[in-house]
Amino acid sequence: MFIQLKTIRVETGHADSMIERFAGEGIIEQQPGFIDLSILQKKRTRGEEEVIVLIRWESELDWKAWETSDVHLAGHRARRGQPAPSFILGSDQQYYEVLGQKGKR
């Protein structure tokens with residue numbers, strides 16, 4: 001299993017905007033190898049808010065196929081040249097290969 005982890009820091013009061021953006025239906029759900037997408041919000045602290053989007057894929061190859069797919073690239077091209085919303089303070093992406101797992105039996 002392969003995990004893509006997006007961390008987005010936003011100004012206070014704007015986490016809901018990011019949550020709505022990722023929670024809506026999209027084309028990613030139809031991609032081969034897509035398992036699921038979880039949206040997490042850091043427990044409230046003072047100052048900025050943090051939203052994490054955790055996307056699980058069957059394999060790194062499935063994720064790469066999505067990243068280079070025409071439909072995914074077209075979505076990014078459509079936003080090219082448009083400024084990011086001013087409430088986004090920063091973002092980061094990390095990638096992980098799952099080497100072990102436990103579950104309820």
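The model shown is predicted, which means the values in this text are computed figures rather than measured ones.
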Atom [atom1] of residue position [X] - does it have more than 12 heavy atoms of other residues, nucleotides or ligands inside 6.0 Å?
{"X": "E25", "atom1": "CD", "result": "no"}
{"X": "D70", "atom1": "CG", "result": "no"}
{"X": "E97", "atom1": "CD", "result": "no"}

I'd like to know if I55 and I27 are part of one continuous hydrophobic network [Ile/Leu/Val/Met/Phe/Trp/Tyr, side-chain heavy atoms within less than 4.5 Å]. yes
Test item: [X] and [Y] side chains (from C-beta on) under 4.5 Å apart, heavy atoms:
{"X": "V51", "Y": "L40", "result": "no"}
{"X": "W57", "Y": "I28", "result": "yes"}
{"X": "Q4", "Y": "W63", "result": "yes"}
{"X": "K6", "Y": "I52", "result": "no"}
{"X": "E11", "Y": "L89", "result": "yes"}

Distance-only, no hydrogens or angles: does the H14 side chain make a donor-acceptor pair with backbone N or O of F87 under 3.5 Å? no
Would a distance-only check, ignoring hydrogens and angles, find a side-chain to backbone donor-acceptor pair under 3.5 Å from E20 to S17? no
Quick one: are the ring centres of F34 and W66 less than 6.0 Å apart? no
Can you tell me how far apart [atom1] ([X]) and [atom2] ([Y]) are? Round to the nearest 0.5 Å.
{"X": "D36", "Y": "R56", "atom1": "CG", "atom2": "CZ", "answer": "4.0 Å"}
{"X": "I8", "Y": "M18", "atom1": "CD1", "atom2": "CE", "answer": "4.0 Å"}
{"X": "S59", "Y": "M1", "atom1": "OG", "atom2": "CE", "answer": "11.0 Å"}

Just to verify, which of E50, E48, E49 counts as forming a side chain to side chain contact (heavy atoms under 4.5 Å, CB included) with K42? E50
Assess whether side-chain contact (heavy atoms from CB on, under 4.5 Å) is satisfied between L54 and Y96, documenting all intermediate values. CA-CA 11 Å; L54 186 147; Y96 300 89; over 6 Å; no
Shortest non-hydrogen pair, L37 vs F22, comes out as CD2-O, 4.0 Å
Where A15 and Q41 come nearest, the two heavy atoms and their spacing: CB-NE2, 3.3 Å
